[in-house]
Amino acid sequence: MATKQRSRSRRPNSSRDREPRYVAPVLDPTWQSPYVPSAAERHENQHIVRRIAVRRKLPQTIVVAAVVVALIVGVVVVPWLPAVGVAVAALYAWDLRRSLVKFEHQGLLLGAAMVDQFKADGTSKDRQRLVTVLDRLAATFGAADVSAFIIDDPGYNAALVPDGTRHSLFVTSAMMRDFELIELEGVVAHCLARQRLGLLTRESVACVANLSDESRGVLAGSGMAYRADEVAAASIRYPLGLAGALRKCSRQVVPADSFFAGAKYANWRWIWFDIWSDRREAEMADLDDVELRARALEEW
């Protein structure tokens, strides 16, 4: 009898042993949301301009280096030649640094060029609407010193552009007229997301530098507009507003008198919300195509 009682008393214990043990959750301290720009991503975008500038000067640098080496080796013939070589190297290093800084700073003039290019437009109500959206989102994205302009154009587009030490936001009158508030919010968020990603320097330099079309595209970066959509949609937490704006852009036929049907737009396209406004058919292999970007957000 005692044996049976002991057997029965063990059963609850054995059943408890078979239950899964509780494991406390452990957070990964290195995890970061893919929709928040990392420091490495910003660094890459901000420094690619200098790397491309160095690459453009590479042939000249090689020639100068060869001359300097020859002058230094020439000490066996003329004792003072190495001093000339050092002077040449120092002078070239100074000139190279000046050229790199000048190349990087070209984009800072784009805002002033756009102010001269376009005519101001929009009612006082439109301006107040745009400024209200911008002020609210600028705080979300940590942007400061941004001026807003409504420009007279029948095409749908917008851009956040470096203007010296400040930034200027340009939105077309057609976009202000035809876009819902939530769609306008998505467009402005996208533009601010480019600044947060560190894209504005590379994109603005790509617009104004003396480069081929292919080199402009490489400098501006493929898929950067798509990436800015991700950051913007995650920040405003409503991807369908941005998707609706992209959908309207994909359906528009840019009028012939629009800036976005002209030759200068071909150079300046990289800074705009719709990079390919003048494209007649969607290119689904291009991450920056508005049709593909709209579909991606609609399926998010």
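Just so it is clear, the values below take in all heavy atoms, side chains as well, and ignore hydrogens, waters and symmetry mates.
In this structure, Glu298 and Ala243 approach most closely via the heavy-atom pair CG-CB, 3.8 Å. Nearest heavy-atom pair across Ala209 and Gln106 is CA-OE1, 3.6 Å. Shown here for Val205 and Gly107, the closest heavy-atom pair between the two residues is CG2-N, 3.9 Å. Of all heavy-atom pairs spanning Leu242 and Ala232, the tightest one is CD2-CB, 4.2 Å. In plain terms, the two heavy atoms of Arg202 and Val49 that are nearest each other are CA-CG2, 3.5 Å. Closest approach of Ala144 to His167, counting heavy atoms only: O-ND1, 4.4 Å.
Both Val171 and Val161 sit in one connected hydrophobic cluster of ILVMFWY residues. Membership requires side-chain heavy atoms under 4.5 Å apart, directly or through other members. Val290 is connected to Phe179 through a chain of hydrophobic side-chain contacts under 4.5 Å among Ile, Leu, Val, Met, Phe, Trp and Tyr, so both are in one cluster. Cluster membership for Leu199 and Tyr226, using ILVMFWY side-chain heavy atoms within less than 4.5 angstrom, is not shared. By the criterion of side-chain heavy atoms lying less than 4.5 angstrom apart, applied directly or through intervening Ile, Leu, Val, Met, Phe, Trp or Tyr residues, Tyr265 is grouped together with Phe149 in one hydrophobic cluster. Hydrophobic clustering keeps Leu219 apart from Trp272 (ILVMFWY residues linked when any side-chain heavy atoms are closer than 4.5 Å, directly or through intermediates).
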Before giving the answer on side-chain hydrogen bond (donor to acceptor under 3.5 Å, both in side chains), spell out for Asn157 and Thr172 the whole-Å C-alpha distance, their side-chain angles and the decisive distance to 0.1 Å. CA-CA 6 Å; Asn157 229 324; Thr172 63; over 6 Å; no
For a side chain to side chain contact (heavy atoms under 4.5 Å, CB included) check, start with the C-alpha distance between Ile150 and Arg127, then their side-chain angles and the critical distance, and finish with the verdict. CA-CA 7 Å; Ile150 300 175; Arg127 287 191 290 272; 3.7 Å; yes
Please lay out, stage by stage, how Ser124 and Gln128 fare under the test side-chain hydrogen bond (donor to acceptor under 3.5 Å, both in side chains). CA-CA 6 Å; Ser124 58; Gln128 184 60 45; over 6 Å; no
Please report the C-alpha distance between Asp152 and Phe118 in whole Å, then the side-chain angles of each, then the deciding distance to 0.1 Å, and finally whether the side chain to side chain contact (heavy atoms under 4.5 Å, CB included) criterion is met. CA-CA 7 Å; Asp152 182 20; Phe118 296 103; over 6 Å; no
Set out, in order, the CA-CA distance, both residues' side-chain angles and the distance that settles side chain to side chain contact (heavy atoms under 4.5 Å, CB included) for Glu185 and Glu180, then state yes or no. CA-CA 9 Å; Glu185 181 183 63; Glu180 301 292 337; over 6 Å; no
One pair to check against salt bridge (charged side-chain N to carboxylate O under 4.0 Å, His left out): Arg227 and Glu230. What are the steps and the verdict? CA-CA 5 Å; Arg227 174 62 175 144; Glu230 292 183 328; 3.2 Å; yes
Run the numbers on Glu183 and Leu246 for side chain to side chain contact (heavy atoms under 4.5 Å, CB included), then give the verdict. CA-CA 9 Å; Glu183 295 168 340; Leu246 289 164; over 6 Å; no
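Looking only at side-chain heavy atoms (C-beta outward), Val64 and Leu96 stay at 4.5 Å or farther from each other. For the pair Leu292 and Asp286, the minimum side-chain heavy-atom distance is 4.5 Å or more. The side-chain heavy atoms of Val88 and Val84, taken from C-beta on, include a pair separated by under 4.5 Å. Residues Trp276 and Glu283 form no side-chain contact, since every pair of their non-hydrogen atoms from C-beta on lies 4.5 Å or further apart. Residues Met224 and Leu287 have side chains not in contact (no heavy-atom distance under 4.5 Å, counting atoms from C-beta outward). Val188 has its side chain within reach of Leu169: a pair of non-hydrogen atoms, C-beta onward, lies under 4.5 Å apart. Inter-residue side-chain proximity for Ser99 and Lys57 is flagged as met; some heavy-atom pair is nearer than 4.5 Å.
A cation-pi arrangement is found for Arg98 relative to Trp94, the charged atom lying closer than 6.0 Å to the ring centre and inside a 45° cone about the ring normal.
Salt-bridge check for Arg279 with Asp289: passed, with a basic side-chain N closer than 4.0 Å to an acidic carboxylate O. Using a 4.0 Å cut-off between a side-chain N of Lys or Arg and a carboxylate O of Asp or Glu, Glu44 and Arg51 qualify as a salt bridge.
Between Phe259 and Trp268, the two ring planes are tilted [angle within 30° to 60°]. Ring geometry for His190 versus Phe273: interplanar angle over 60°, hence perpendicular rather than tilted (30 to 60°).
Scored by the side-chain contact (heavy atoms from CB on, under 4.5 Å) test, Arg50 finds Val54, Leu100, Val101, Glu104 as partners (sequence neighbours excluded).
Side chain of His43 to backbone of Ala39: no donor-acceptor contact under 3.5 angstrom is found. In this structure a side-chain-to-backbone donor-acceptor pair under 3.5 Å is present from Asp288 to Gly223. Side-chain atoms of Asn45 come within 3.5 Å of backbone N or O of Leu197 as a donor-acceptor pair. Within the 3.5 Å criterion, the main-chain N or O of Tyr156 finds a donor-acceptor partner in the side chain of Gln252. Checking side-chain atoms of Arg194 against main-chain N and O of Ala159 turns up no donor-acceptor pair under 3.5 Å. Between the side chain of Lys248 and the backbone N or O of Asp178 there is at least one donor-acceptor pair closer than 3.5 Å.
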Using distance only, find each side-chain donor-acceptor pair of residues 233-240 under 3.5 Å and give its atom names and separation, not counting sequence neighbours.
from, atom 1, to, atom 2, distance (Å)
Ser235, OG, Val231, O, 2.8

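The one candidate from Val133, Leu134, Asp135 that meets the side chain to side chain contact (heavy atoms under 4.5 Å, CB included) condition with Leu137 is Val133. When each of Asp213, Asp278, Asp274 is paired with Arg269, the salt bridge (Lys or Arg N to Asp or Glu O under 4.0 Å) condition holds for Asp278 and for no other.
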